[in-house]
Peer 1: 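Quick one: the structure is below, and I'll ask about it shortly.
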Amino acid sequence: MCDTCGCNVTHGNEHLLKSGAPLAQTSNGSESIEVLKGLLAANDHEAQHNREHFAEHRVLAVNLMSSPGAGKTALLEATIRDLGDRYRIAVIVGDLETENDAERIRRHGVPAIQISTGSACHLDAHMVHSALHGLDLQEIDIVFIENVGNLVCPASFDLGQHCNVTLLSSPEGDDKPQKYPVMFRAADLVLLSKSDLTPMLGDFDPRRAERHVRELANGAPLIEVSSRNGHGMSAWTGWLERALQLQRANGAVEPQRHVHAAAHTHD
Amino acid sequence: MHELSVCQAIVREVLELAAARCATSISDIYLRVGPLSGVETPLLRNAFPFAAAGTVVSGAALHVAPTPVRIHCSRCDADTVVPPNRLLCGQCSDWRTELLSGDELLLDRIEMQCSDEKDHAHV
C-alpha cells in the first residue's frame, strides 16, 4: 500500500516541505524532502489546533475508520436519519477521488465537505483543518470525519478527534482485529456493521471478534449494527449521545480559546 | 508503512548531529523498532539507501534491533513478552494489560568520523 511511497505528503501538508518551509531539507544533492518524525510532530500540532477549534464551539469530533466498503457512509446516512432532528451534524469525508460520498450525505440536508486525497491513503490533521474552515462550527454539534477506507495508515495520524470508531463489517471476517492490531488497538468503539448479513454468512462470530479486540488489551465496547434494517442503531446513537455529553461536560468547564500563529492563514 | 519517510527522518536527524560535530562520514546507524510501530524492517532497509543518497549518511550501515512487545498485567502484576496481535498476560491470560515496549521507533546510536579527530566519535 504505502510501501515506500511517502504517502504522508498530502495536499494539506505539502506546503511544509517546500523550499524554505520548516521541514524542507536543503542538503546539496539530496532529494530527500520529507521527514516522518517532523511530519508527525507537525501533524500532532495541527491536530491539537483542530481540537481547540472543536472545544471552542463545543463540537464532538468522531473519526470513522474501516476497510473500504465496510459501510461508513451508509452508517452516517442512517445516523443522520435517527439523530438529525435532535443534533446538528456535519461530515468531512476523505476518498482518493470523487464527491460521491459527500453528495450522498448532502441529500439528507447535512453539510458535507469532501476531501479528495489523490493517492494518499489516509487523512491528516492539515487536511481536516482546511476542511473545517468550510464548516460553520458554531452551528454544529457533531462532526463525523469519515476517513479513507484503509485499516493501516489512518490509525497513525491524529486528526484532533475525540474518539475513534472503527467499523468491522461481517463479510470481512471476525479475525480482522488479529490481522490489523494497530488499527483495532486505537478504537474507542468497534461497530460490527452489516449485521443483517451475519446469519447468511454463518461464519462471522461477534463473540470471536470481541475476543480478538480484547486480545489487543482494548476494552472498547462492540456493537452490532445494520444501517439497512436499523438493528443496533439505538445502541450506537446512545453511545454517541453519551460521548457528546461527556465532551461538553469536559469542554464546558474551561473553553479553550486559541490564537492563530502569525504564519497561519485561514482561507 | 511510511518506511521511506521514516528513513528520511533518520537521515535528517543524523545530518543534524553530523553537522554539529563536523563529521565527514557516518559509518553506522543503530535503530530500535517495535512491531507495533507500524514500520516493517525489510522495507526500512530497502528505503534507506534512497533516503541517504547524496548525503554524508550515504554508505552508513543501518542496524535495526527489533524490540519485543512487553506488557504489564494489572491483575497479576507480571511483565511478559507477547506477540503483537495478542497482548494477553503471559502469566494469567488476562487482557487488562498495558504496553511497556513494542511500539517504539528510535534512533539509538550513530557512529561517525570527524574531520578534526581521527578517532570515531560515539554519539
Side-chain angles (χ1 to χ4, degrees), chain A residues 1-10 13 16-17 22-43 120-122 124 150-157 175-186 210-220, chain B residues 1-16 18-19 34-40 42-58 69 71-75 80 82-89 93-100 102-103 105-107:
Chain A
M1 171 176 304
C2 307
D3 55 46
T4 55
C5 68
C7 64
N8 43 11
V9 181
T10 63
N13 65 23
L16 291 171
L17 302 170
L23 300 180
Q25 275 196 359
T26 52
S27 313
N28 271 349
S30 170
E31 292 187 11
S32 313
I33 52 162
E34 188 181 87
V35 182
L36 183 65
K37 268 190 185 164
L39 267 181
L40 283 185
N43 183 77
C121 49
H122 61 274
D124 67 27
N150 177 355
L151 284 178
V152 186
C153 313
S156 299
F157 291 83
D175 59 349
K176 275 287 186 291
Q178 267 192 321
K179 293 174 174 171
Y180 297 91
V182 179
M183 169 62 71
F184 284 92
R185 237 167 66 79
E210 178 173 4
R211 203 176 68 231
H212 292 320
V213 172
R214 298 291 172 263
E215 284 169 358
L216 302 174
N218 186 347
Chain B
M1 60 175 207
H2 312 306
E3 279 77 7
L4 180 60
S5 314
V6 171
C7 287
Q8 286 166 329
I10 296 161
V11 168
R12 182 169 172 267
E13 287 207 19
V14 172
L15 283 176
E16 278 176 17
L36 288 172
S37 69
V39 165
E40 287 301 317
L43 292 178
L44 208 59
R45 291 191 188 286
N46 289 342
F48 182 71
F50 295 98
T55 73
V56 294
V57 184
S58 169
V69 179
I71 55 171
H72 175 78
C73 178
S74 44
R75 181 167 169 257
T80 47
V82 294
N85 63 352
R86 199 172 159 82
L87 308 184
L88 302 178
C89 175
S93 298
D94 200 86
W95 62 268
R96 281 158 294 190
T97 62
E98 70 181 274
L99 198 68
L100 299 174
D103 62 349
L105 181 59
L106 294 179
L107 175 60

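Each chain gets a letter, A, B and so on, in the order the sequences are listed, and its residues count up from 1. As a basis for the values below, the full set of heavy atoms in this structure was taken, side chains included, without hydrogen atoms, waters or symmetry mates. Fair warning: this is a prediction, and the values are worked out from it, not measured in the lab.
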Peer 1: Taking P177(A), A155(A), A217(A) one by one, which has the highest count of heavy-atom pairs under 4.5 Å against chain B?
Peer 2: A217(A)

Peer 1: Which heavy-atom pair separates L88(B) from R214(A) by the least distance, and what is that distance?
Peer 2: CD2-O, 3.9 Å

Peer 1: What distance separates K179(A) NZ from N85(B) CG, expressed to the nearest 0.5 Å?
Peer 2: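 K179(A) atom NZ to N85(B) atom CG measures 11.0 Å (nearest 0.5 Å).
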
Peer 1: Based on non-hydrogen pairs under 4.5 Å, which of L216(A), N218(A), V182(A) is most in contact with chain B?
Peer 2: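 Top count of heavy-atom pairs under 4.5 Å with chain B: L216(A).
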
Peer 1: If you count the non-hydrogen atoms of other residues, nucleotides and ligands that lie under 6.0 Å from CZ in R75(B), is the total more than 12?
Peer 2: no

Peer 1: Taking side chain as everything from C-beta outward and backbone as N, CA, C, O, which of these in L99(B) sits under 4.5 Å from a heavy atom of chain A? Side chain, backbone, both or neither.
Peer 2: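 Side chain only.
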
Peer 1: Do you know the tightest heavy-atom contact between P181(A) and P84(B)?
Peer 2: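 Closest heavy-atom pair between P181(A) and P84(B): CB-O, 3.8 Å.
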
Peer 1: Let me know if R86(B) has heavy atoms under 4.5 Å from chain A in its side chain, its backbone, both or neither.
Peer 2: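 Answer is both: backbone and side chain atoms of R86(B) are under 4.5 Å from chain A.
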
